[in-house]
Number of protein chains: 2
Amino acid sequence: MSTPILAVIGGGQLARMMAPAAQRLGVHLRALVEAPDGATAQVVVDSIVGGAKDAADLRRLTDGADALTFEHEHVDNDQMRGLREQGVSVQPPPEALLYAQDKIQMRTRLTALGVPCPRWRALSADARTAEAELVQFLAESADGSAVVKTARGGYDGKGVRVVNAPAEVADWIGGQTPLLVEERVDFVRELAVLVARRPSGQAVTYPVVESIQRGGVCAEVIAPAPDLDPAVATRAREIALSIAQGLGVTGIVAVEMFETSDRGGAGVLVNELAMRPHNSGHWTIDGAQTSQFEQHIRAVLDLPLGPTGLRAPVTVMANILGSTRASLSDALPEALAAVPGARVELYGKEIRPGRKLGHVNVCGDDPGAVAALARTAAEIIMGS
Amino acid sequence: MSTPILAVIGGGQLARMMAPAAQRLGVHLRALVEAPDGATAQVVVDSIVGGAKDAADLRRLTDGADALTFEHEHVDNDQMRGLREQGVSVQPPPEALLYAQDKIQMRTRLTALGVPCPRWRALSADARTAEAELVQFLAESADGSAVVKTARGGYDGKGVRVVNAPAEVADWIGGQTPLLVEERVDFVRELAVLVARRPSGQAVTYPVVESIQRGGVCAEVIAPAPDLDPAVATRAREIALSIAQGLGVTGIVAVEMFETSDRGGAGVLVNELAMRPHNSGHWTIDGAQTSQFEQHIRAVLDLPLGPTGLRAPVTVMANILGSTRASLSDALPEALAAVPGARVELYGKEIRPGRKLGHVNVCGDDPGAVAALARTAAEIIMGS
């Protein structure tokens with residue numbers, strides 16, 4: 001292939017963290033970014049400022065590229081198909097991306113594949129019908145509540161509402177965006193499984209992790225999920241693998257799940273999917289034999305995948321969510337003095353309240369002790 | 001400090017490998033490089049093409065920088081002192097760099113510090129006198145041979161000759177470059193120790209590694225050095241630490257040593273020094289809790305240092321030295337299929353016979369098995 005060129009759509013921290021992995025393998029990374037000084041453009045020499053749906057920008061991005069990949073799903077699948085017809089290797093392919101873009105499509109397909117999901121239904125486009133459907137769904141739920149989601153455009157808690165009555169989504173019902181309603185799962189905790197899959201079919205799964213959310217945003221990840229029933233862990237990895245295969249995903253797919261206590265069935269229900277390196281996989285940079293970023297690059301270039309075993313008994317990732325500091329760098333002396341083994345990663349982003357600005361990984365033996373160290377370092381950087 | 005700016009002189013693989021470590025800590029790396037398409041400029045957005053001894057280029061490089069560091073020692077110490085007078089934090093300082101630039105200065109200082117060195121002497125500038133000194137030195141050696149070195153400019157086996165008679169260095173004697181002669185040490189093997197030291201004094205050492213040279217060039221590194229007498233390991237780390245402190249080095253210093261069998265003394269003799277991340281430390285990227293590149297950056301910015309413990313029982317690094325392939329990337333499918341856990345790092349350099357083009361790290365349990373895997377992957381990339 002001579003020097004492989006990997007084109008990526010996206011200028012945030014995920015494309016940014018692909019850069020060291022690409023560098024290491026001698027892969028030339030070319031990024032289509034929103035801003036010339038963003039998280040990705042700061043570290044990728046070949047950054048093109050442009051729009052993810054601009055045909056001319058996409059042509060420049062993919063010119064001579066061995067593959068095109070993504071750090072987000074907000075792309076036009078017709079354009080992606082057009083690029084593929086022109087010979088671009090689009091990974092994951094638009095037929096798979098669809099399921100990361102549209103939650104109704106995703107639930108429909110997962111249900112057809114026999115994947116355990118929360119009880120769900122799509123709401124009709126007609127407002128009156130939708131309202132009646134929602135009332136019925138709520139009536140059938142154990143506690144009279146349910147989760148309404150916009151089929152498209154949601155992330156980090158946006159586009160998701162817990163409701164007890166249709167009035168609470170009156171502004172959504174009958175609008176432009178299709179809606180679905182899902183059972184509010186009485187879960188034990190949230191789990192996540194990463195899968196990597198190559199176009200030629202090879203696929204591997206990572207150990208199951210526990211994901212701790214605060215305010216709809218991932219705050220911490222513990223790898224592996226402590227005290228997880230081995231049978232549930234095996235089943236969770238099998239489900240994630242069957243999703244990657246059934247949906248034809250390539251690269252990294254992150255499968256977020258609920259661990260349930262009272263089902264007697266699989267022990268897990270699938271919550272969300274992401275077809276790209278994911279926050280629940282940042283622990284792999286230090287805690288797994290192959291980081292999700294290197295694995296994604298290997299997968300989308302159809303190179304043999306790396307091992308996914310643990311590099312430490314426990315790795316905990318704590319997100320840096322906003323900061324009261326003027327500059328995160330100011331906190332490095334204190335954070336590294338407090339936790340010398342903290343693997344601090346800063347994304348070069350402007351500070352805003354609650355924004356994902358970086359993360360800290362800590363490896364060790366005891367989940368509680370390791371989590372405390374990761375949290376300490378992250379909190380120092382987030383300020384008081 | 002707001003976003004720290006680290007300026008580095010050098011455009012090769014060492015500055016290149018500083019980039020991911022800088023990115024991770026949110027440090028802006030600015031490199032003064034020889035060529036716009038070299039190993040470093042491919043991955044560092046803020047690369048300045050210029051000369052390491054050009055005053056204007058050095059001003060551009062260090063403008064607003066929190067520290068200036070190096071990937072090689074070929075700089076002008078007067079210029080470095082000048083920059084420091086203008087407020088630039090030069091790390092390591094010119095007073096220390098001198099000992100990496102001039103082997104006579106290095107041997108003189110190490111001897112004064114009581115560091116065990118091979119028997120040595122400087123040869124006079126006058127050709128006749130130098131010849132007589134060399135004859136006498138050879139006569140006092142056990143086997144009539146010795147090693148003559150140029151005090152400056154040698155690396156990777158260049159500027160070093162094993163001689164039995166002055167005629168074999170007739171072209172060097174009385175020339176511009178001062179010479180020294182050293183005992184040809186009857187060593188068991190070669191060892192190396194990395195030290196990291198901050199301007200404010202904190203210093204840490206890494207586990208002792210075995211370095212296997214072929215043709216004067218490092219071919220493999222085994223971490224930790226197998227079956228090393230713990231007393232010798234401790235002594236080697238103490239010696240390396242005393243050198244970093246005694247010479248006032250900051251950042252990473254690599255101390256190359258001979259392990260000796262028949263001394264009854266320290267068990268090691270110091271061979272060479274390098275004041276920068278070093279080939280003998282590439283194993284740390286995967287095998288140590290803190291890579292030498294992150295540690296160097298932390299040290300020169302006077303940030304708290306990271307732990308230096310092993311991440312695996314054994315890590316072996318095998319260099320990729322030249323290749324018969326048209327492109328190293330062509331070998332990735334085969335190399336990664338043969339050794340899925342190989343951590344392949346390619347430097348983006350043009351292929352030339354014997355040139356350091358990359359390296360492979362493999363972690364595992366058994367030194368022999370791990371070395372075989374690293375060698376297999378490196379050899380596939382080097383071609384037949």
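Every chain is numbered from 1, with letters handed out A, B, ... down the list of sequences.
Residues of residues 25-33 of chain B that come within less than 4.5 angstrom of chain A, heavy atom to heavy atom, are Leu25(B), Gly26(B) in numerical order.
Minimum interatomic distance between Thr3(A) and Ser327(B) (heavy atoms only, all atoms of both residues): N-OG, 4.0 Å.
For the atom pair CD of Gln289(B) and SG of Cys363(A), the computed distance is 8.5 Å after rounding to the nearest 0.5 Å. Atoms CG and OG, from Leu303(B) and Ser329(A) in turn, are 9.0 Å apart once rounded to the nearest 0.5 Å. Considering CD of Gln42(A) and CG of Asp46(B), their distance stands at 11.5 Å, rounded to 0.5 Å.
Residues Arg24(B) and Ile285(A) meet the side-chain proximity criterion, which asks for heavy atoms closer than 4.5 Å. Using a 4.5 Å cut-off on side-chain heavy atoms (C-beta onward), Pro304(B) and Pro340(A) make no contact.
Contact count versus chain A (heavy atoms, under 4.5 Å) is highest, among Leu328(B), Leu346(B), Val339(B), Thr290(B), for Leu346(B).
Using a 4.5 Å cut-off between heavy atoms, Ala337(A) contacts chain B through both its backbone and its side chain. Residue Val44(A) touches chain B through its backbone alone, counting heavy-atom pairs closer than 4.5 Å. Using a 4.5 Å cut-off between heavy atoms, Ala21(A) does not touch chain B at all. For chain A, the nearby part of Ala342(B) is the backbone; its heavy atoms alone come within less than 4.5 Å. For chain A, the nearby parts of Asp286(B) are the backbone and the side chain; heavy atoms of each come within less than 4.5 Å. In this structure, no portion of Ala335(A) lies under 4.5 Å from any heavy atom of chain B.
By the ring-ring contact (aromatic ring centres under 6.0 Å, His included) test, His278(B) is found to be paired with no residue, residues two or more places apart in sequence or in another chain being considered. Shown here are the ring-ring contact (aromatic ring centres under 6.0 Å, His included) partners of His282(A), two or more places apart in sequence or in another chain: Phe293(A), His359(A).
Applying the salt bridge (Lys or Arg N to Asp or Glu O under 4.0 Å) test to every pair with at least one member in residues 293-308 of chain B, sequence neighbours left out, gives these pairs: Arg343(A)-Glu294(B), Arg198(B)-Asp302(B), Glu294(B)-Arg298(B).
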